[in-house]
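See structure below.
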Amino acid sequence: MQLERDFFARSVHEVAPALVGATLLVDGIGGRIVEVEAYDQEDPASHGFAGRTARNASMFGPPGHAYVYRSYGIHWCLNLVCDVEGRAEAVLVRALEPRAGLELMRQRRGVDADRALCSGPGKLCQALAVTREHDGLALDEPPFELYATGEPVDVVAAPRIGITRAAERPWRYLLRGSRYVSRPAPRA
DNA sequence: ACCGCGATGCACT
DNA sequence: GTGCATCGCGGTG
């Protein structure tokens, strides 16, 4: 079942865990989402925290669109924009379990192991060929496809990765037991 | 298993 | 000029 745009028209703290297990494709290439992080307007680690700029404009809505930015000058990172009354909220897609287009992913990534194809936000953008051209595009139109989970999903919450501010907030959500995440969840 | 570092773009909290 | 919502490599236990 295709996720509609209004799936995203609510708090990122509801949307982020609900996205674990969904299927994300870009031009038919992709897989099952196994790891995401939530970023909200009051979050010092969020690009939206300091207000709207040209770079982060698509993070301010409308919901159901992509926010793509360059990270560390090298990688691209893909966010799915949520929205509560004009606030900047988005889900960073951090890892996929590859399911469609594995051979093309291997070519784009230059590695063979399935586990190395989409196990990180920069990696999955390279595997799915997501770039600035995708910034602001609607998620329910080509080249994007987004499908709801078919089965019940066991989601684990953990602290976010790679940030220096508000690093303690447990807003990273993982599919329990998945070997395709960027890093395993801390031991409980 | 850990840790350090270089690559590289671009907005500055 | 500095600091990242990163990655992969090469060093050391």
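Reminder, nothing fancy here: chain letters follow the sequence lines and each chain counts from 1.
- Looking at heavy-atom distances under 4.0 Å, A:I74 makes contact with a base.
- To the nearest angstrom, C1' of C:dA5 lies 14 Å from CG of A:L80.
- The residue among A:Q126 and A:T164 whose nearest nucleotide of DNA chain C lies closer to the 5′ end is A:T164.
- C:dA5 makes up no base pair with any nucleotide shown, lacking Watson-Crick or G-U wobble contacts both under 3.5 Å.
- Taking the side chain of A:P121 as heavy atoms from C-beta on, and the options C:dA5, C:dT6, B:dG9, the nearest nucleotide is C:dT6.
- Within the 4.0 angstrom heavy-atom criterion, no nucleotide atom of any strand lies near A:R169.
- Screening A:L96, A:D112, A:L102 against A:L117 for a side chain to side chain contact (heavy atoms under 4.5 Å, CB included) leaves a single residue, A:L102.
- The interatomic distance linking A:H47 (NE2) with B:dC10 (P) rounds to 14 Å, in whole Å.
- Summary of the strand contacts: A:S71 and A:R52 both lie near DNA chain B, and taking for each the nucleotide with the nearest heavy atom, the more 5' one is attributed to A:S71.
- Counting only heavy atoms from C-beta on, A:H75 has its side chain closest to C:dC7 among C:dA5, C:dC7, B:dA11.
- Regarding A:K123, its NZ atom lies at a distance of 12 Å from the P atom of C:dT6, rounded to whole Å.
- Here the options are A:L78, A:L128, A:V26, A:L139, the test is side chain to side chain contact (heavy atoms under 4.5 Å, CB included), and the partner is A:H134; only A:V26 passes.
- An OP1 or OP2 oxygen of C:dG3 is reached within less than 4.0 angstrom by no side-chain nitrogen or oxygen of A:R165.
- In this structure, the aromatic ring of A:Y39 is positioned over the six-membered ring of the base of C:dA5, centres within 5.5 Å and planes within 30°.
- As rounded to whole Å, 16 Å separates atom C1' of C:dG8 from atom CZ of A:R115.
- Cluster annotation: A:L19 and A:Y39 are assigned to distinct hydrophobic clusters (Ile/Leu/Val/Met/Phe/Trp/Tyr, side-chain heavy-atom contacts under 4.5 Å, transitive).
- Rounding to the nearest 0.5 angstrom, the gap separating the CZ atom in A:R5 from the CD atom in A:E141 is 5.0 Å.
- For B:dC10, one of the phosphate oxygens OP1 or OP2 lies less than 4.0 angstrom from a side-chain nitrogen or oxygen of A:R132.
- Atom CZ of A:R70 and atom P of B:dG9 are 7 Å apart (whole Å).
- A:N79 comes within contact range of at least one nucleobase, with a heavy-atom separation under 4.0 Å.
- The residue A:R172 sits apart from the nucleic acid: no heavy atom pair falls under 4.0 Å.
- Looking at heavy-atom distances under 4.0 Å, A:S182 makes no contact with the nucleic acid at all.
- Atom C1' of nucleotide B:dC2 and atom CZ of A:R183 are separated by 12 Å, given to the nearest angstrom.
- Here, B:dC5 and C:dG13 have their P atoms 15 Å apart, quoted to the whole Å.
- Atom CZ of A:R115 has 12 or fewer neighbouring heavy atoms from other residues, nucleotides or ligands inside a 6.0 Å radius.
- For C:dG8 and B:dC10, the C1' atoms lie 22 Å apart once the distance is rounded to whole Å.
- Donor-acceptor pairing under 3.5 Å, judged by distance alone, is present between the side chain of A:Y69 and the base of C:dA5.
- Look at CD1 on A:I163: it is 11 Å from P on C:dC4, rounded to the nearest Å.
- Between B:dG9, B:dT13, C:dT6, one nucleotide has an atom nearer to the side chain of A:A50 than all others, and that is B:dT13.
- Between A:N56 atom CG and B:dT13 atom C1' there is a gap of 12 Å when expressed in whole angstrom units.
- Under a cut-off of 6.0 angstrom, the local environment of CD in A:E133 is sparse, with at most 12 non-hydrogen atoms contributed by other residues, nucleotides or ligands.
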